[in-house]
Amino acid sequence: MEIKFERYHLQSDLRSPLQGFETISVPTEVRIDPLTKRRSRIITWALPPQDKFDFSKMAEESKGCIFCPENVLQKTPQYLNEISADGRISFGGATGFPNLYPAGTYGSVVVLCRDHFLNPSQFTSEIYEEGLSVSIEIIRRTMAFDPDARYWQISQNFLLPGGSSILHPHLQVIGDPIPTNEMGWLLDASSSYTQRNGTLYWEDLIHIEKGLGKRYINHIGNVHWFVSFAPIGFNEVCGSVEGHGSITTLAKEEIASLAKGIVSTLKYYDDKNLNSFNFSIYSISGETTYQLLLRMVSRTPFRSNYMNDCTSFEVLQSELTANIIPEELCREIRPYFA
Ligand SMILES: [Zn+2]
């Protein structure tokens, strides 16, 4: 095994006006991802905590949107017959349909529930089980007539800071015959690791992280939940599903385990007054060296005078930042997975 946890300690000295112009030292840590070798910058200071934002006015003003139950079947696009004869794919409270403004070969929206707005703590496992089941059915049916579409993401952009203009909770399901950058990096690095070591990186990582106990949160069924050594976003939590590279082969219990982990993370976010988030499931078929990964990050919470969390570091230096020490996040979030 060649998994290395490399880090650099940086330090900035200055005379602080908050402490009578005494000299203080502010540490920063740069960590190198053991798989992709990408650098992450862990900022050790935090902006003061915010109160919970009251969304009731925003929710009231925007209800009756195109994803609300009275509109969703009237105002959203329908699938071609090859995918669904009745135009949509539904399960429980979740409804999937093509994205009117796709960003690739196959783009779908899955409306997660009939409720127009939910706070992060109001999402239930059932909501995600239904939403993921619809997403998986979309992918299975699409791949049945286009097996070249092997690269899929199931993602959620929640609230404006997460990149969504519509409050009503929904997922994006996007598939292509070519990978995204992130999928390409994960695949290339996983495959070279296996070539060099003869083992699966993801199994080795989970084995090591379990042994160290500092970033391994817990397992739910055969989904392993952990905090990345070198996170690429704020409060990043990852889940990896043992024995699968594509989400299309998951059994019902495995879908439920993914859903539970998402909801546990959202409860933690809500307790920290973090109201906006993104997650992506990177689903890739036909690759034996890759293991299905879900990555979830919080975004700067929505409030008036909202500050975007992508600075020149992320946008122009391709250096991703995190604002909590990974081992501290793991310690804090572990009770939510008990
Ligand atoms: Zn709505």
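The model shown is predicted, which means the values in this text are computed figures rather than measured ones.
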(request) Answer whether the closest heavy-atom distance between the side chains of Ile281 and Gln153 falls below 4.5 Å. (result) no
(request) Show your working on side chain to side chain contact (heavy atoms under 4.5 Å, CB included) between Val134 and Ile138 and close with a plain yes or no. (result) CA-CA 6 Å; Val134 168; Ile138 292 168; 4.0 Å; yes
(request) Would you verify whether the NZ or CZ of Arg303 falls within 45 degrees of the ring axis of Phe53 while also being under 6.0 Å from that six-membered ring's centre? (result) no
(message) What I'd like to find out is whether the side chain of Leu132 reaches to under 4.5 Å of the side chain of Leu258, using heavy atoms alone.
(response) yes
(message) Which residue in the set Asp146, Thr142, Asn99 passes side chain to side chain donor-acceptor pair (under 3.5 Å) when paired with Tyr106?
(response) Asp146
(request) Apply the side chain to side chain donor-acceptor pair (under 3.5 Å) test between Ser240 and each candidate in Gln291, His224, Glu203, His219; give the one that qualifies. (result) Gln291
(request) Begin from the C-alpha positions of Trp45 and Ile43 and carry the test side chain to side chain contact (heavy atoms under 4.5 Å, CB included) through to its verdict. (result) CA-CA 6 Å; Trp45 49 266; Ile43 314 284; 3.4 Å; yes
(request) Please find out if less than 6.0 Å separates the ring center of Phe226 from that of Tyr216. (result) no
(message) Surrounding CG of Asp51 (heavy atoms of other residues, nucleotides or ligands, distance under 6.0 Å), is the total greater than 12?
(response) no
(request) Run the ring-centre check on Tyr269 versus Tyr336 and record whether the distance is less than 6.0 Å. (result) no
(request) Could you check if a side-chain atom of Thr199 sits within less than 4.5 angstrom of a side-chain atom of Tyr193, using non-hydrogen atoms only? (result) yes
(request) Take Ile217 and Val237, measure what side chain to side chain contact (heavy atoms under 4.5 Å, CB included) needs, and give me the verdict at the end. (result) CA-CA 9 Å; Ile217 301 170; Val237 170; 4.0 Å; yes
(message) Less than 4.5 Å apart, side chain to side chain, heavy atoms only: is that true for Glu242 and Val223?
(response) no
(message) If we ignore hydrogens and angles and just use 3.5 Å, is the side chain of Asp176 paired with the main-chain N or O of Thr105 as donor and acceptor?
(response) yes
(request) Side-chain contact test, heavy atoms from C-beta onward, threshold under 4.5 Å: evaluate it for Val26 versus Gln11 and give yes or no. (result) no
(request) Return yes when atom CZ of Arg196 has more than 12 non-hydrogen atoms of other residues, nucleotides or ligands closer than 6.0 Å, and no otherwise. (result) yes
(message) Listing request: all ring-ring contact (aromatic ring centres under 6.0 Å, His included) pairs with a residue in residues 79-99, at least two apart in sequence or in separate chains.
(response) Phe67-Phe97
(request) For residues Asn278 and Met296, determine if any side-chain heavy atom of one lies less than 4.5 Å from a side-chain heavy atom of the other. (result) no
(request) Apply salt bridge (Lys or Arg N to Asp or Glu O under 4.0 Å) to Arg299 and Asp309, showing your working. (result) CA-CA 7 Å; Arg299 302 299 300 271; Asp309 53 22; 2.9 Å; yes
(request) Keeping the roles fixed (side chain from Thr194, backbone from Ser190), state whether a donor-acceptor pair exists under 3.5 Å. (result) yes
(message) Looking at Lys63, I want to see if its NZ is surrounded by more than 12 non-hydrogen atoms of other residues, nucleotides or ligands under 6.0 Å.
(response) no
(message) Tell me whether Arg88 contacts the main-chain N or O of Thr76 through its side chain, where contact means a donor paired with an acceptor under 3.5 Å.
(response) yes
(message) Does the plane of the ring in Phe337 sit parallel, tilted or perpendicular to the ring in Trp225? Use 30° and 60° as the thresholds.
(response) tilted
(message) I'd like to check Pro326 versus Pro231 (side-chain heavy atoms, cut-off strictly below 4.5 Å). Are they in contact?
(response) yes
(message) Is it the case that over 12 heavy atoms from other parts of the model lie below 6.0 angstrom from the CZ atom of Arg141?
(response) yes
(request) Could you point out which residue of Phe302, Phe279, Phe123, Phe55 forms a ring pair (Phe, Tyr, Trp, His ring centres under 6.0 Å) with Phe158? (result) Phe123
(message) Is it the case that over 12 heavy atoms from other parts of the model lie below 6.0 angstrom from the CZ atom of Phe145?
(response) yes
(request) Using atom types as modelled and distance alone, determine if a side-chain donor or acceptor of His116 lies under 3.5 Å from a backbone N or O of Cys65. (result) no
(message) Let me confirm one number: the CG-CD1 distance from Leu160 to Ile166, rounded to the nearest 0.5 Å.
(response) 10.5 Å
(request) Evaluate the side-chain proximity of Ile333 to Thr265: yes if any heavy-atom separation is below 4.5 Å, no if none is. (result) yes
(message) If you count heavy atoms of other groups shown closer than 6.0 angstrom to CZ of Arg114, is the number above 12?
(response) no
(request) Mark yes when over 12 heavy atoms from residues, nucleotides or ligands other than Leu10 sit less than 6.0 Å from its CG; otherwise mark no. (result) yes
(request) Tell me, yes or no, whether the heavy-atom count around Lys75 atom NZ, taken from other residues, nucleotides or ligands under 6.0 Å, exceeds 12. (result) no
(request) Show the numbers, then the answer: is there a side chain to side chain contact (heavy atoms under 4.5 Å, CB included) between Leu186 and Leu293? (result) CA-CA 10 Å; Leu186 290 172; Leu293 180 71; 4.1 Å; yes
